[in-house]
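Because the structure is a prediction, the values reported are computed rather than measured. Just the heavy atoms: all of them, side chains too, but no hydrogens, waters or symmetry mates, feed the values below.
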Amino acid sequence: QVQLVESGGGLVQAGASLRLSCAASGSTFSWYAMGWFRQAPGKEREFVAATSWNGGNIRYADSVKGRFTITSDNAKNAVYLQMNSLKPEDTAVYSCAAKLRGSGSYDAANYGSWGPGTQVTVSS
């Protein structure tokens, strides 16, 4: 089972950028498809972005397409989420998740490992 820890969250103004990192340990990172999800207060967890185990088949939620970029680095056992042009509605706890093999999924239930999350707050 892979262990995940996110970092890079913070408080920024609208229009700013942040880069989230997710460090993996405890298993062979290249076996896993990776996803980013977020959950705002009072709302359900929602899909943000995902990449397959080989770095391909990248998917984004419509709400972040063109602003966010997911990348992975198997040499560093890490996945990143570059977030540009942040909006107040992007405020949430962002969590990375790992899915053994295959493509990243929109469905959180398909992921077996989760990090604790990092808070992103965007002020207007």
Side-chain angles (χ1 to χ4, degrees):
Q1 191 91 355
V2 65
Q3 288 82 48
L4 305 172
V5 178
E6 303 90 343
S7 61
L11 171 62
V12 297
Q13 291 188 332
S17 298
L18 279 175
R19 187 192 193 210
L20 304 184
S21 299
C22 173
S25 62
S27 186
T28 303
F29 181 72
S30 60
W31 292 352
Y32 292 86
M34 300 297 296
W36 284 98
F37 290 78
R38 67 187 182 185
Q39 187 166 19
K43 295 187 177 181
E44 293 186 354
R45 178 186 289 166
E46 65 171 344
F47 169 80
V48 176
T51 180
S52 67
W53 67 275
N54 62 359
N57 197 21
I58 292 176
R59 307 177 182 186
Y60 296 101
D62 288 343
S63 59
V64 307
K65 203 171 293 183
R67 299 188 298 123
F68 290 13
T69 303
I70 185 171
T71 56
S72 61
D73 187 336
N74 286 350
K76 295 184 177 180
N77 288 353
V79 64
Y80 308 98
L81 186 67
Q82 178 67 42
M83 306 186 295
N84 298 330
S85 303
L86 282 162
K87 304 175 181 180
E89 51 264 43
D90 294 319
T91 295
V93 174
Y94 285 71
S95 300
C96 65
K99 171 181 172 289
L100 188 61
R101 290 293 188 185
S103 299
S105 172
Y106 298 105
D107 188 349
N110 289 329
Y111 293 84
S113 299
W114 291 82
T118 185
Q119 176 71 47
V120 172
T121 303
V122 184
S123 63
S124 58

Contact summary for [X] and [Y], nearest pair of heavy atoms:
X    : Y    : result
R67  : S85  : NH1-O, 3.0 Å
S52  : S103 : CB-CA, 3.7 Å
G104 : A33  : N-CB, 3.6 Å
L81  : A49  : CD1-CB, 4.2 Å
A98  : L4   : N-CD1, 3.7 Å
C22  : M34  : SG-CE, 4.2 Å

Subject >> Any side-chain donor near an acceptor of the partner, N110 and S105, under 3.5 Å >> reply: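 A donor-acceptor contact under 3.5 Å links the two side chains.
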Hydrophobic cluster membership, with links at side-chain heavy-atom distances under 4.5 Å among I/L/V/M/F/W/Y: are [X] and [Y] in one?
X    : Y    : value
V93  : V48  : no
Y94  : F47  : no
L100 : V2   : yes
Y106 : W114 : yes
V120 : F37  : no

Original post:
Within a strict 4.5 Å, meaning less than it, do heavy atoms of the P116 and E6 side chains meet?
Top reply: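 Yes, their side chains come closer than 4.5 Å.
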Original post:
So do V12 and M83 actually touch side chain to side chain, heavy atoms under 4.5 Å?
Top reply: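 Counting from C-beta outward, M83 and V12 never come under 4.5 Å.
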When rounded to the nearest 0.5 angstrom, what is the spacing between [atom1] in [X] and [atom2] in [Y]?
X   : Y   : atom1 : atom2 : answer
Q39 : E46 : CD    : CD    : 9.5 Å
K99 : Y32 : NZ    : OH    : 11.5 Å
S63 : F68 : OG    : CZ    : 7.5 Å

Original post:
Hey, is NZ on K43 packed in by over 12 heavy atoms from elsewhere, all under 6.0 Å?
Top reply: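 Count not over threshold, so no.
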Original post:
Got a salt bridge between D90 and K87, using NZ or NE/NH1/NH2 to carboxylate O under 4.0 Å?
Top reply: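 Judged by the 4.0 Å cut-off on N to carboxylate O distance, D90 and K87 do not form a salt bridge.
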**OP:** Mind running side-chain contact (heavy atoms from CB on, under 4.5 Å) on T121 and Q119 for me, showing each step along the way?
**Re:** CA-CA 6 Å; T121 303; Q119 176 71 47; 3.3 Å; yes
Subject >> Side chain T91, main chain V122, donor-acceptor under 3.5 Å >> reply: yes
Original post:
So which of T69, L20, I70, D73 actually passes side chain to side chain contact (heavy atoms under 4.5 Å, CB included) with Y80?
Top reply: D73
